[in-house]
Amino acid sequence: MIVLETIAVAFAMFSAIPVPQPEWNQRNMRYALCAFPLIGAVIGLAWWGWAVACGLLDFPALLRAAGFCLLPMAITGGIHLDGFADTSDALASCAPPERKQEILKDSHCGAFAVIRLCMYVCGYLGLCGGLRPDNRAILCAAAGFVLARCLSGLSIACFPMAKNTGLAHTFASAADKGRVRVVLAVLGASAVAAMWAADILYGAAMTLAALAVFVNYARTVRKQFGGLSGDLAGWFLQRAEFWMLASLVLCQYGEKLL
């Protein structure tokens, strides 16, 4: 029962999938971050189903790309895109860390948030259109959704918090951090292994992309914000997904040229 409650807490917070709403408490939040990658697995499964449907029904390439682009947003309810938008506003302000934290808390959407969101969606849609959705690529992309959430969850369990309030602090303070780190590290390594097993070139490129974004994320959290918040974790996740997909598409085009 506690395992199901823990999964329900993760899905209720990080997805738009209807689940029973248990009362949050120390027991069911202790390992909620460990269930976070399961949402990535659901997105990967949805991508696979959409790829199969597009192949069977011979959907046009643009419709196929739109489905790939929209599925992660629909399943997550856009929660991570919200963090991406808020962080984009804060970074564009070039303000001190304290002011950046205030911008993150501001419920208004600034011009830079709108601009960066439009750029992100256009770029992601273009990458989805450039993807050749064979079995190797879909498996790598699915594992990428899992890996991004493993790394995002690890940051919440490892990075210092910028403040003693907010959802990131709530999940971090309730977590059994030692065990959460181990579980997420194992799940992340499993996702990497799955990518490499599907295609070693795709897997290596996507792993390097994810790690490069994570290193930049850690530096940004420390130098520009003075600590982590939920918005920053969402900002990282969206960027990790984008650049892993970009590296996958680039590898496919490299194969085609060779």
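All values below come from the heavy atoms of this structure, side chains included, with hydrogens, waters and symmetry mates left out.
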Got a donor-acceptor contact below 3.5 angstrom from the [X] side chain to the [Y] backbone?
X      : Y      : answer
Asp231 : Asp86  : no
Ser93  : Ala90  : yes
Trp47  : Ala142 : no
Gln252 : Arg132 : yes
Arg64  : Ala51  : no
Ser152 : Ala148 : no

How many angstroms lie between [atom1] in [X] and [atom2] in [Y], if you round to the nearest 0.5 Å?
X      : Y      : atom1 : atom2 : value
Cys122 : Leu117 : SG    : CG    : 10.5 Å
Leu208 : Trp243 : CG    : CH2   : 14.5 Å
Leu151 : Leu184 : CG    : CG    : 9.0 Å
Cys140 : Leu245 : SG    : CG    : 11.5 Å

- Nonpolar side-chain network containing Leu125, other nodes, edges under 4.5 Å: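 So far as hydrophobic clustering goes, Leu125 is joined with none.
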- Message: Looking only at the aromatic ring of each residue, does the gap between the centers of Tyr120 and Trp235 stay below 6.0 angstrom?
- Response: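 For Trp235 and Tyr120, the ring centres are not under 6.0 Å apart.
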Set of side-chain contact (heavy atoms from CB on, under 4.5 Å) partners for [X], sequence neighbours left out:
X      : value
Ser15  : Phe11, Ile17, Ile39
Phe159 : Ser155, Phe214, Tyr217, Ala218, Val221, Leu228
Leu45  : Trp48

- Task: Compare every heavy atom of Thr87 with every heavy atom of Leu232, then report the nearest pair and how far apart it is.
- Result: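 Taking Leu232 first and Thr87 second, the nearest heavy atoms are CD2-CG2, 3.6 Å.
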- Query: Are any non-hydrogen side-chain atoms of Arg239 and Met244 less than 4.5 angstrom apart?
  - Reply: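 SC-SC contact between Arg239 and Met244 ruled out.
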- Message: List the residues meeting salt bridge (charged side-chain N to carboxylate O under 4.0 Å, His left out) with Arg136, not counting sequence neighbours, and say none if there are none.
- Response: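 Listed in chain order: Asp134, Asp199, Glu255.
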- Item | Partner residues of Tyr202 under the ring pair (Phe, Tyr, Trp, His ring centres under 6.0 Å) criterion, sequence neighbours left out |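 Ring pair (Phe, Tyr, Trp, His ring centres under 6.0 Å) check on Tyr202 returns nothing, list empty.
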